[in-house]
Number of protein chains: 2
Amino acid sequence: MMPHMRQNGGYYKMAESMQGLKRTNRCAEVGTADIGREVTVMGWVQKRRNLGSLIFVDLRDRSGLLQILFDENNIGTEGFEKASSLRSEYVIAVTGKIAKRSGAVNENLKTGDIEVIATDLRILSEAQTPPFPIEADSNTKEDLRLKYRYLDLRRPDIQANIMMRSRVATLTRAFLANEGFLEIETPMLCKSTPEGARDYLVPSRVHPGHFYALPQSPQLYKQLLMCSGYDRYMQIARCFRDEDLRADRQPEFTQIDMELSFVDIDDVIDVNERLLAYLFKEVLNVDVQLPIQRMTWQEAMDRFGSDKPDLRFGMELHDVSDVVKGCGFGVFTGAIENGGSVRGINAKGQGAMPRKKIDALVDFAKGYGAKGLAYIAINEDGTYKSSFAKFMTDDEMKALVTAMEGEPGDLLLFAADRNKIVWNVLGALRIELAGQMGLLDKNEYKFLWVTEFPQFEWSDEENRYVAMHHPFTMPMEEDLDKLDTDLGAVRAKAYDIVLNGTEIGGGSVRIHQEDVQERMFRALGFTNEEAHEKFGFLLDAFKYGVPPHAGLAYGLDRLVMLMAKCDSIRDVIAFPKVKDASCLMTEAPGTVDAKQLEELSLDIAAAEQDDK
Amino acid sequence: MMPHMRQNGGYYKMAESMQGLKRTNRCAEVGTADIGREVTVMGWVQKRRNLGSLIFVDLRDRSGLLQILFDENNIGTEGFEKASSLRSEYVIAVTGKIAKRSGAVNENLKTGDIEVIATDLRILSEAQTPPFPIEADSNTKEDLRLKYRYLDLRRPDIQANIMMRSRVATLTRAFLANEGFLEIETPMLCKSTPEGARDYLVPSRVHPGHFYALPQSPQLYKQLLMCSGYDRYMQIARCFRDEDLRADRQPEFTQIDMELSFVDIDDVIDVNERLLAYLFKEVLNVDVQLPIQRMTWQEAMDRFGSDKPDLRFGMELHDVSDVVKGCGFGVFTGAIENGGSVRGINAKGQGAMPRKKIDALVDFAKGYGAKGLAYIAINEDGTYKSSFAKFMTDDEMKALVTAMEGEPGDLLLFAADRNKIVWNVLGALRIELAGQMGLLDKNEYKFLWVTEFPQFEWSDEENRYVAMHHPFTMPMEEDLDKLDTDLGAVRAKAYDIVLNGTEIGGGSVRIHQEDVQERMFRALGFTNEEAHEKFGFLLDAFKYGVPPHAGLAYGLDRLVMLMAKCDSIRDVIAFPKVKDASCLMTEAPGTVDAKQLEELSLDIAAAEQDDK
């Protein structure tokens, strides 16, 4: 607080009242058409410069910047003195006339050719110097920015993200309402279900020893709404998972959630393709080519080593098992003999990569489960550097290079293992290399539907097949016979929508036939009793007439992250949490009174209390 | 399941596939203009009637009913037999031609003059007989309906409510987006603050012994967003309060929440009046007269004994203290001598109310804190029956009746006590009598702004003044001086929007001046340390430049309840909870695995475990 502002005593000296004033415009919502007009603008002081006998202030609000000119001839002596006291982040109200800018035009600014000749100034709030500058592309450490998130949120790039997110939500709702979707709110205080990720629990005070769970998704409720005849449901729904946080996860996240009755896959895909095209056109002026390409899960794995392939670049996987199956390199032949495969990718033009960088790639691959990574660097003269040439004949090497479409200057990288590991390794390596090679253009948007996912995946941990999506996912009609014989071969009527290598949404046709559902539970190893314990009310509902239905949910955070060309979902969430699920600004979670715990009939476990 | 449907074995016998079929219309979205057109409709069997050699089915979806006619000549023998097997709530798909109805037109039905001559029928799902009929105005006990909520939600009146709610949300968002409001999501996993109602807590696994709290409202976050320059914020936000449930409360409820920068009361009122007028016009075709009437809190209490007066009828309070202050009735004079008052209401035309009903009113009044209720029933001949005539002279009685504008046939009811009790009692009695007298017309909508609330209210329990709204509410400028001298007389820049005697929303101008905020905390008895402990991050944020701001939040559940002319918010919530905060359908809250508690470092308190 500046002491001179208080000199007259009274309550409003350091924060003048805006009584009698009315803002006429936001800062950057005026232009040359308004020249000569009197306006009242309000906002934050971005910068003050004294230039001879004039004072210039860049005034900021969410719309942008507007230059204010304080000239003692116009604002008077008292006003000019007040203007002299302005510092960054003061909140002020200015009245004055819009004029053509007297100084040089600022081409980088929407309002760069105009300024306001101030005739009145009120200081609505003073400000301390913020701990970091309020500017785009901040170099400030994220932890400090998150502690002062209310200041970080003033930065124009974050403001643009949050405003884009708002626009995406608004447009999504309008589009879906127009398509006959009803917005229906589902509960947050739910029943804990043991299936899936770890629930956040909420202890009940009225029912001691009992807990609600926060929803991991509105899955069961939206299926119930279909049973209840609501036909088309949508909700932008908060979801919760108590998982160890990875870079792109938050304990609470937001889904654009939908479910449709009397539909099959194509209906769901149709409405969602039009939604995506609408959003990208309206928000980014990007034309999404419809229909969006579709690819089966099997093809995605074979060609890209990933169920969410990034199609902005090639560098596809080649299965060279047949080429090397008789070679002298035991790592290759061993993998094939154990039922695995040998596959490679061709990093075009990377043949001259230094050994150190190749070693780093090997380490990277090991992080994804590879035991090693074999490579052939093709020199410009056609000779090879290779980690395994000594085990191969010249003809074998030539055949391998040919199969990989290797040309002088290329770097060929191979993984040999069980298919799952080979895909994992090469899929990740492909993205890593593309990043190094500058192939990941954030201005390019490549969409893809991945379909025909496996219904089950083997869990080594549980020593049984588990549902890859959830136990209500409909198997493909032609695979129903395999439900009793060959679970690994059953494909699901499930689909993911992938954008630039990120899964932005996914869904499935649901089982609506009681007998199919029973066989599904049997396949998953649930007894009738267990199934009923877990999903009783849904199974009960299905007994009273259930329509065929299907749905899809987007991760809104991820979608907006890609649209805003950010690297972290924290940049598109107003108040995100950090890796340990805490909020650096509010310091949540926090301790609570003993009385609160007592009301909930809870004790902190003794081991933890001893630690204190 | 009907056994004949399974006779051929296979997976799809009891639930035929809809493969190859595409729904062309919802049931009640066809009309006479479609006569001759082939349609495919899908839905639930409401009713099947056999009439001679014909079968009629009322098919139901969310749009309404459509009559299907099965004639063996058109649908064939197999199809006709299938139609014969249809029972209530079977889900079917029907293809056929729309025709003018052959039988009598049903005037009560949107599609009452047409029918579909079925040429194809598929049974998509069979159904057991539901435990109660799927029909409007159900007589089924609410507990049973809530246990089978997925069936209850099929009833057309509930469907209309849920669809209206969706429409209110959609229109609200569109309107506010158009007014420059940004939709911004605030966290659900928050910090527990000791002020206000009881928080729902969420134990942290990563930070043992620490808890998140579910938000009671996004209040602090929306004020931070104003500090961050977002200018206009809105959110349809889920909020949580762990209170003992009254009839119109839910543990989780929904607010239409908003906050605006650089505004004063009139700006908030302006945008909200236009929002309400828009909603009521679009949804109910009701014209809301703007501007909406405003009344100070003091006037509302004096005239209606309530800070949320129902203006659909009169029956205003009369302060007769001056009239009776010298009378012989000690109850009256005693109340006045103790600083209270004597006030009455005139129930026009209720003078012949039987003694039993009057006694019931006395008991009703006692429930609101009255020690008794004095009355004068004016007979048609001008004589009185009165509980206290014997203490009064004739002149005193006449003066009192005159003051009350009593006429033959009227019933005058009086309360004498502290003002607060008198208002409470007569305010409640006024509504009770209006109900009995049939004055509460659900088709009439009377809006009112109540303004100038007291800033503080005395808490007998805490023996101090507490904030009536919240501690960030701005006092009226002219009352600032009383912050140190006369807390009871300080009025707040707070406002409620009242509809038909229900507070549907409320808000205030916020304090944005650090010195006023400090004085407010002092008035509330907080030390600087306590204030910082409770609201530290907001107070910190205010140091860096804060705009004048104000906001408002609606209870969406209550608003829709009134718009849908329901008596309970449970009728406008898809999956409500009951009084003990449990869900009868999912049986939440439930018990959880010992492992889950262990991960959260929690024990159930010993006393509770012993009970098991």
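Protein chains get the first letters and strands the later ones, always in sequence-line order, with residue 1 at the start of each. The figures that follow rest on heavy atoms only: side chains count, while hydrogens, waters and symmetry mates do not.
Put simply, of P203(A), C190(A), A169(A), S204(A), the one with the most heavy-atom pairs under 4.5 Å next to chain B is P203(A). Comparing R149(B), Q596(B), Q159(B) by how many heavy-atom pairs each has under 4.5 Å with chain A, the most go to Q159(B). For chain B, the option among I236(A), L224(A), L201(A), V206(A) with the highest count of heavy-atom pairs below 4.5 Å is L201(A). Considering only heavy-atom pairs separated by less than 4.5 Å from chain B, the leading option among I184(A), L220(A), I162(A) is I162(A). Top candidate by heavy-atom pairs under 4.5 Å with chain B, chosen from M234(A), R198(A), M585(A), K147(A), is R198(A). Of the listed residues (D61(A), I134(A), L225(A), I573(A)), the greatest number of heavy-atom pairs within a distance under 4.5 Å of chain B belongs to L225(A). Heavy-atom pairs under 4.5 Å with chain B were tallied for F542(A), Y212(A), F240(A); the largest tally goes to Y212(A).
E252(B) contributes a side-chain N or O that, together with a main-chain N or O of M188(A), makes up a donor-acceptor pair within less than 3.5 Å. Of the possible polar contacts, none joining the H207(A) side chain to the A581(B) backbone as a donor-acceptor pair under 3.5 Å is found. Side-chain atoms of H210(B) do not come within 3.5 Å of backbone N or O of V592(A) as any donor-acceptor pair. Side-chain atoms of R154(B) come within 3.5 Å of backbone N or O of C227(A) as a donor-acceptor pair. A donor-acceptor pair under 3.5 Å links the side-chain atoms of Y230(B) to the main chain of L153(A), judged by distance alone. Between the side chain of K543(B) and the backbone N or O of T129(A) there is no donor-acceptor pair closer than 3.5 Å.
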Between R173(A) and T170(B), is a side chain to side chain contact (heavy atoms under 4.5 Å, CB included) present by the stated rule, with each step listed?
-> CA-CA 7 Å; R173(A) 287 202 174 90; T170(B) 301; 6.0 Å; no
Would F211(A) and L597(B) satisfy side chain to side chain contact (heavy atoms under 4.5 Å, CB included), going step by step from the backbone distance to the final call?
-> CA-CA 10 Å; F211(A) 296 80; L597(B) 291 183; 3.4 Å; yes
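If you measure heavy-atom distances from V45(A) to chain B, you find no contacts under 4.5 Å at all. Interface remark: S261(A) contributes backbone atoms only to the contact with chain B (heavy atom separation under 4.5 Å). With a 4.5 Å cut-off on non-hydrogen atoms, L214(A) touches chain B through its side chain but not through its backbone. Of the two parts of R26(A), only the side chain, counted from C-beta on, holds a non-hydrogen atom closer than 4.5 Å to a non-hydrogen atom of chain B. Contacts of L182(A) with chain B are made by both backbone and side-chain atoms, with heavy-atom separations under 4.5 Å. Only the side chain of M18(A) has a heavy atom closer than 4.5 Å to any heavy atom of chain B. For Y221(B), the parts lying under 4.5 angstrom from a heavy atom of chain A are both the backbone and the side chain. Heavy atoms of A177(A) lying under 4.5 Å from chain B belong exclusively to its side chain. Looking at E599(A), only its side chain comes within 4.5 Å of chain B, counting heavy atoms on both sides. Heavy atoms of L556(A) lying under 4.5 Å from chain B belong exclusively to its side chain. If you measure heavy-atom distances from Q235(A) to chain B, the contacts under 4.5 Å come from the side chain alone. Both the backbone and the side chain of D540(A) come within less than 4.5 Å of a heavy atom in chain B. Contacts between C583(A) and chain B at a heavy-atom distance below 4.5 Å are absent for every atom of the residue.
Side-chain atoms of M42(B) and P547(A), non-hydrogen and from C-beta on, never get closer than 4.5 Å to each other. Proximity of V546(B) to W44(A): side-chain heavy atoms (C-beta onward) are nowhere separated by under 4.5 Å. No side-chain heavy atom of F262(B) sits less than 4.5 Å from a side-chain heavy atom of L21(A). Within the 4.5 Å cutoff, the side chain of P187(A) has heavy atoms near those of the K577(B) side chain.
Minimum interatomic distance between E183(B) and S166(A) (heavy atoms only, all atoms of both residues): N-OG, 2.9 Å. Nearest approach of K191(B) to T586(A), heavy atoms of both residues: CD-O, 2.8 Å. Taking all atoms of both residues into account, the shortest heavy-atom contact from R23(A) to D231(B) is NH1-OD2, 2.5 Å. Nearest heavy atoms, Q19(A) versus D264(B): CG-OD2, 4.2 Å. Contact detail for A127(A) and G545(B): the closest heavy-atom pair is CB-N, 3.5 Å. When every heavy atom of T254(A) is checked against every heavy atom of E185(B), the shortest pair comes out as OG1-OE1, 2.7 Å.
Here the two rings, on F537(A) and Y150(B), have centers that are 6.0 Å apart or farther.
Atoms CZ and OG, on R62(A) and S228(B) in that order, are 13.0 Å from each other to the nearest 0.5 Å.
Applying side chain to side chain contact (heavy atoms under 4.5 Å, CB included) to L602(B) and the options L600(A), I604(A), D603(A) leaves one that passes, I604(A).
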